[in-house]
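Remarks on the structure that follows.
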Amino acid sequence: MNIISENLMQAAMIQAESAAKRGEVPVGCVIVDGTSGEIISKASNRTEEWGDPTAHAEMLAIREATTKAGSARLSDCDLYVTLEPCPMCAAAISFARIRRVYFGAYDPKSGGVDHGARIFEQPTCHHKPEVYGGINETACGEILKDFFKDRR
């Protein structure tokens, strides 16, 4: 992984930490312009705060990015998220035609990319992005472990 990817995952981790401070499951996401590397949207989970089960970091970042782009397609964009996307988020990533997905910690219980539904491997999947998992996996996992340790 290069220094740019590491910095972008760090930006997603900052978002995850802000979610933890609000009592949300600490998942953070940034979407970047794949050409310039500029962050065009960033978000963290807000499901509890908003009472909205779809308010996952990826969904919020996609909504912000598509609004800024003025298009439902983000084909020149890359998404960085601290946890393997769930099936809902993976489907949204596919519909948005995001070019690449970089995720931190794997999610054997609720993941939808390398685990569970494996959305991008389904024959009905509209678009399969390039996927790179395990980016800063230990650090991303620690944010989650610390959050749940304090609650159990």
Side-chain angles (χ1 to χ4, degrees), residues 1-20 24-35 37 39-48 50 52-69 71-148:
M1 184 170 69
N2 64 37
I3 192 72
I4 294 169
S5 293
E6 288 181 22
N7 289 341
L8 292 168
M9 186 58 79
Q10 285 285 31
M13 291 170 64
I14 290 168
Q15 292 297 308
E17 290 166 353
S18 73
E24 297 279 355
V25 174
V27 177
C29 179
V30 297
I31 296 179
V32 302
D33 179 296
T35 305
I39 294 174
I40 59 173
S41 67
K42 55 188 176 181
S44 57
N45 279 358
R46 293 188 179 273
T47 57
E48 298 300 322
W50 292 357
D52 179 353
T54 69
H56 289 199
E58 301 97 318
M59 300 294 283
L60 300 177
I62 289 169
R63 287 178 191 146
E64 181 181 343
T66 57
T67 298
K68 286 182 178 178
S71 171
R73 304 288 183 256
L74 301 171
S75 56
D76 293 327
C77 294
D78 300 335
L79 182 145
Y80 290 77
V81 64
T82 56
L83 182 65
E84 175 183 349
C86 73
M88 173 184 69
C89 293
I93 288 165
S94 175
F95 290 138
R97 306 295 196 270
I98 290 174
R99 182 177 74 162
R100 293 185 188 113
V101 174
Y102 299 85
F103 69 84
Y106 290 87
D107 189 353
K109 182 178 178 185
S110 300
V113 176
D114 280 354
H115 296 88
R118 297 179 186 251
I119 295 297
F120 304 138
E121 302 303 322
Q122 299 306 313
T124 56
C125 183
H126 294 276
H127 165 76
K128 179 180 179 179
E130 293 177 34
V131 177
Y132 303 92
I135 310 298
N136 287 5
E137 178 180 7
T138 302
C140 290
E142 285 300 317
I143 294 170
L144 288 157
K145 287 178 190 171
D146 290 346
F147 176 81
F148 286 112

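Residue numbers count from 1 along this sequence.
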### Query
Distance from Trp50 atom CH2 to Asn45 atom CG, nearest 0.5 Å?
10.5 Å

### Query
Can you name the nearest heavy-atom pair linking Phe120 to Ala90, along with the distance?
CE2-O, 3.2 Å

### Query
Shortest non-hydrogen contact from Ile93 to Pro129?
CG2-CG, 4.0 Å

### Query
Taking all non-hydrogen atoms of both residues, which atom of Ile98 and which atom of His127 are closest, and how far apart?
O-NE2, 2.8 Å

### Message
Quick check for you: to the nearest 0.5 Å, what is the distance between Asp33 atom CG and Asp78 atom CG?
### Response
8.5 Å

### Task
For the pair Arg73 (side chain) and Phe95 (backbone), establish whether a donor and an acceptor sit closer than 3.5 Å, ignoring hydrogens and angles.
yes

### Message
What I'd like to find out is whether the side chain of Asp52 reaches to under 4.5 Å of the side chain of Thr47, using heavy atoms alone.
### Response
no

### Task
Any chance you could measure Tyr132, atom OH, to Tyr102, atom OH, to the nearest 0.5 Å?
5.5 Å

### Query
Which residues pass the salt bridge (Lys or Arg N to Asp or Glu O under 4.0 Å) test with Asp107, sequence neighbours left out?
none

### Task
Check salt bridge (Lys or Arg N to Asp or Glu O under 4.0 Å) between Glu64 and all other residues, then give those that pass, not counting sequence neighbours.
Lys68

### Query
For Glu130, which residues count as a salt bridge (Lys or Arg N to Asp or Glu O under 4.0 Å) partner, sequence neighbours excluded?
Arg100

### Summary
Between the CD atom in Gln15 and the CD1 atom in Ile143, the distance rounded to the nearest 0.5 Å is 11.0 Å

#### Entry: Nearest-0.5 Å distance that lies between atom CZ in Arg99 and atom OG in Ser75
9.0 Å

### Message
Test side-chain contact (heavy atoms from CB on, under 4.5 Å) on Phe148 and Val25; report intermediate values, then the result.
### Response
CA-CA 8 Å; Phe148 286 112; Val25 174; 3.9 Å; yes

## Note on the structure
Between Val81 and Cys29 the two heavy atoms that sit nearest each other are CG2-CB, 4.1 Å

### Query
So, for Ala117 and Gln122, which heavy atoms are closest and what is the spacing to 0.1 Å?
O-NE2, 2.9 Å

### Euclidean distance, Thr82 OG1 relative to Phe103 CZ, rounded to 0.5 Å
11.0 Å

### Message
Tell me whether Glu24 contacts the main-chain N or O of Ser44 through its side chain, where contact means a donor paired with an acceptor under 3.5 Å.
### Response
no

### Message
Among residues at least two apart in sequence or on other chains, which ones pass ring-ring contact (aromatic ring centres under 6.0 Å, His included) with His115?
### Response
none

Can you give each donor-acceptor pair under 3.5 Å made by side-chain atoms of residues 56-63, sequence neighbours left out, with the distance rounded to 0.1 Å?
unit_1: His56; atom_1: NE2; unit_2: Pro53; atom_2: O; d: 3.3
unit_1: Arg63; atom_1: NH2; unit_2: Thr54; atom_2: OG1; d: 3.3

### Query
Who pairs with Arg97 by salt bridge (Lys or Arg N to Asp or Glu O under 4.0 Å), at least two apart in sequence or on another chain?
none

### Task
For residues Pro87 and Ser110, report the shortest heavy-atom separation together with the two atoms involved.
CD-O, 3.4 Å

